[in-house]
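Structure, as structure tokens:
First listed ligand is number 1; within each ligand, the first listed atom is number 1. All figures in this text were calculated on a predicted structure; none of them were measured in a lab.
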Amino acid sequence: MPDADLVIAGSGLVGLTLACALRHSGLRLLLVDPGHGPAGKSDPRSVALAPGSRHIFEALGVWPRLAGRMAPIRSIHVSERGGFGRVRLEAEEQGMAALGHVIMNRDLEAALWQRINDDPGSLSLLTGTQVQAPENDRDRIRMELLEQQTRRTVSARLLLAADGAGSPLRQAAGLGAEELDYCQVALVATVRASRPHQGQAFERFTPGGPLALLPLPDGRLSLVWSAPSARADTLAPLDDAAFLAELQQAFGYRLGRLLEVNDRGAWPLRLRRARRRRDGRLLLVGNAVCNLHPVAGQGLNLALRDVAGLAEALHEAAQAGQDPALSRELAAWLRAQHRVQQRVTAFTHGLVGLFSNEFPGLRLARNAGLLLLAGLPPLRRGFAGLGMGRHGGGGRLSRGLPLDGDGRD
Ligand SMILES: Cc1cc2nc3c(=O)[nH]c(=O)nc-3n(C[C@H](O)[C@H](O)[C@H](O)COP(=O)(O)OP(=O)(O)OC[C@H]3O[C@@H](n4cnc5c(N)ncnc54)[C@H](O)[C@@H]3O)c2cc1C
């Protein structure tokens, strides 16, 4: 017998969600991360959770624990700096109470940890430990666990590498990745403005890159400002007052005066996709498979649908007594998911390309496009649907239905 059925390497948002979804599947799970849980983590990013992600967290019993920590998005205002086109996407028009919900990554992570700690099921946890040197065998995969200076070998039926965009395990397995540098940096912060946001989100396309302000529950807004690398190098070191002045100029006065900025951070932006996501009994998940530009807020939402469908396939294989790595369910899910991932990547990458190009004809065309969206409700509904992650995939969990035996509150 291998030491575990599944080893999940990485307890970021993706690894945690996967662990949470599978902890009552009957599979013996081991979750491993070099970090030490949520305490002391200072990720300044937030995420706009699409309705499908909401359903996943509802099915996992995590959603009630997010109450008071999220802000609903009631409308999204899309515009181009210096352009004439603009469009407002309204939740009401979509027949929904909210287009999405914004939460700080650290709050979401803390809620997932809490859910797992309260009800671990068949999950064991190893913190302060790295997974290294995966090696496929006929009926198992072996790997080394490195904790400080101590190494030991464990084996599993399947190793799920949720170890982030740089994925050391993807590299160790030689799966390779294609990479496209956007030559942009995402400047992240929380901002306070003189006017209340009233649940409005803003996506403003500027010549240097898109600038998004998303509502947070305490009246602040979460900023993701994608700027060309050289410009970001001058913006990042500015003191708060100078940074706010630059931001005010780029964003304008829709929220009145921008008064305060906190939680500042910076992320270089690249499109990175694994060339293959599977090597025998090693399977990549989350950012290890695909790392997108944040312009459309799709990265984590895509990964959550991926994880939801994967959990269902593994759960079904477990119920049927099959080896999870060799099951038909897993193979079918991999094929379907590849198509979803291609669609979302094309949508996100297309949006970056469309709004990064300063060719005058194109500038005119995209402003006309925004006007067209503003004037045509069915087109607007379709566009909003793509933004809300209606690209397919995700299975039962993304419809809010629990996998059998999941212990809900
Ligand atoms: C600026 C910005 C804004 C974004 N906004 C949005 C948004 O609005 N909506 C959206 O859907 N997405 C958004 N995203 C994307 C989203 O943040 C990511 O998709 C998500 O955080 C990826 O999570 P992950 O768990 O795959 O990786 P990570 O969070 O990177 O976690 C990887 C984990 O693996 C661990 N690890 C590393 N090596 C090993 C090892 N050898 N063994 C074991 N563990 C290991 C690490 O310690 C870490 O805990 C945004 C991204 C950025 C940069």
Side-chain angles (χ1 to χ4, degrees), residues 7-19 30-38 41 43-50 52-53 56 73 76 100-106 108-109 112-113 125-134 143-147 159-173 182 184-189 201 203 209-214 222-227 232 263-272 274 282 284-307 344 348 387-389:
V7 170
I8 301 173
S11 67
L13 291 171
V14 171
L16 282 173
T17 306
L18 188 55
L30 180 60
L31 177 62
V32 186
D33 197 287
H36 293 274
K41 278 206 176 170
D43 192 335
R45 287 176 301 170
S46 66
V47 57
L49 295 174
S53 302
I56 292 168
I73 301 177
I76 306 177
H101 287 80
V102 187
I103 184 164
M104 297 294 287
N105 284 16
R106 55 188 180 233
L108 180 55
E109 203 174 316
L112 282 161
W113 277 109
L125 188 65
L126 269 181
T127 56
T129 306
Q130 281 178 44
V131 179
Q132 292 186 343
M143 64 208 84
E144 289 183 4
L145 299 186
L146 174 65
E147 187 186 2
L159 168 58
L160 297 160
D163 52 346
S167 185
L169 288 167
R170 183 183 64 219
Q171 293 176 35
Y182 286 115
Q184 288 181 349
V185 172
L187 299 167
V188 172
E203 181 88 51
L211 186 165
L213 279 166
L214 305 174
S222 168
L223 169 74
V224 182
W225 185 2
S226 306
D263 291 317
R264 287 170 61 183
W267 269 260
L269 296 178
R270 289 188 192 96
L271 168 64
R272 197 161 11 187
L282 183 151
L284 306 176
V285 288
N287 267 15
V289 191
C290 183
N291 184 31
L292 298 173
H293 194 291
V295 62
Q298 300 282 325
L300 183 67
N301 287 299
L302 170 66
L304 291 174
R305 284 201 300 287
D306 190 59
V307 157
V344 178
T348 300
M388 283 189 291

Next on the checklist: Just to be sure I read this right, does ligand 1 sit under 4.0 Å from the backbone of Gln298, its side chain, both, or neither, counting only heavy atoms?
Outcome noted: backbone
Checklist outcome for this item: A student checking ligand 1 against Gly164 at a 4.0 Å heavy-atom cut-off should list atoms 27 (O), 30 (O), 32 (C)
Checklist entry - Between Ala288 and Ala161, which heavy-atom pair has the shortest distance, and what is it? => result CB-O, 3.6 Å
Next on the checklist: When you compare the side chain of Leu13 with that of Glu109, does any pair of heavy atoms fall below 4.5 Å?
Outcome noted: yes
Checklist entry - For ligand 1, does Ala162 get within less than 4.0 Å through its side chain, its backbone, both, or neither, judged by non-hydrogen atoms? => result backbone
Next on the checklist: Within ligand 1, which atoms have a heavy atom of Pro168 less than 4.0 Å away?
Outcome noted: 38 (N)
Next on the checklist: If you measure every N or O of Thr129 against every N or O of ligand 1, does any of those distances drop under 3.5 Å?
Outcome noted: no
Item to check | Distance-minimising heavy-atom pair for Asp306 and Gly286 | outcome: OD2-N, 4.3 Å
Next on the checklist: I want to check something: taking the side chain as every heavy atom from C-beta on, are Leu125 and Leu31 in contact at a cut-off of under 4.5 Å?
Outcome noted: yes
Checklist entry - Is any side-chain heavy atom of Leu160 closer than 4.5 Å to a side-chain heavy atom of Leu18? => result yes
Item to check | ligand 1 N/O within reach of Ala186 N/O, cut-off under 3.5 Å | outcome: no
Checklist entry - Near Val32, which atoms of ligand 1 are under 4.0 Å from a heavy atom of that residue? => result 43 (C), 44 (N)
Checklist outcome for this item: Scanning both residues in full, the closest heavy-atom pair of His293 with Pro210 reads CE1-CG, 4.0 Å
Checklist entry - Any side-chain heavy-atom pair from Leu169 and Met143 closer than 4.5 angstrom? => result no
Item to check | contact_flag Pro34 ligand 1 heavy-atom lt 4.0 Å | outcome: yes
Item to check | Part of Val188 with heavy atoms under 4.0 Å of ligand 1, whether side chain, backbone, both or neither | outcome: side chain
Checklist outcome for this item: Within 4.0 Å of some non-hydrogen atom of Gly286, the atoms of ligand 1 are 26 (O)
Checklist entry - Looking at ligand 1, does any of its N/O atoms fall within less than 3.5 Å of an N/O of Val14? => result yes
Checklist entry - Do Leu302 and Thr348 come close enough that some side-chain heavy atom pair is under 4.5 Å? => result no
Next on the checklist: Quick one, Asn287 and Val14 - any side-chain contact, counting heavy atoms below 4.5 Å?
Outcome noted: no
Checklist entry - So is Leu169 close enough to ligand 1, meaning a heavy atom under 4.0 angstrom away? => result no
Checklist entry - So is Val131 polar-close to ligand 1, meaning N/O to N/O under 3.5 Å? => result yes
Checklist outcome for this item: Under 4.0 Å from one or more heavy atoms of Trp267, ligand 1 contributes atoms 53 (C)
Next on the checklist: Please work out, at 4.0 Å between heavy atoms, whether the side chain, the backbone, both, or neither of Asn301 comes within that distance of ligand 1.
Outcome noted: both
Checklist entry - Hey, does Ala48 sit under 4.0 Å from ligand 1 if you only count heavy atoms? => result yes
Checklist entry - Which of the atoms in ligand 1, numbered in the order shown and given with their element, are less than 4.0 Å from a heavy-atom of Leu13? => result 25 (O)
Checklist entry - Mind checking whether Val131 and Leu145 have side chains closer than 4.5 Å, heavy atoms only? => result yes
Item to check | Which of the ligand 1 atoms, numbered from 1, are nearer than 4.0 Å to a heavy atom of Gly10 | outcome: 33 (C), 34 (O), 35 (C), 43 (C), 44 (N)
Next on the checklist: Tell me the closest heavy-atom pair linking Leu304 and Ser53, and the distance in Å.
Outcome noted: CD1-OG, 3.5 Å
Checklist entry - In ligand 1, which numbered atoms sit nearer than 4.0 Å to a non-hydrogen atom of Pro294? => result 2 (C), 3 (C), 4 (C)
Checklist entry - Less than 4.5 Å apart, any side-chain heavy atom of Arg45 and any of Leu300? => result no
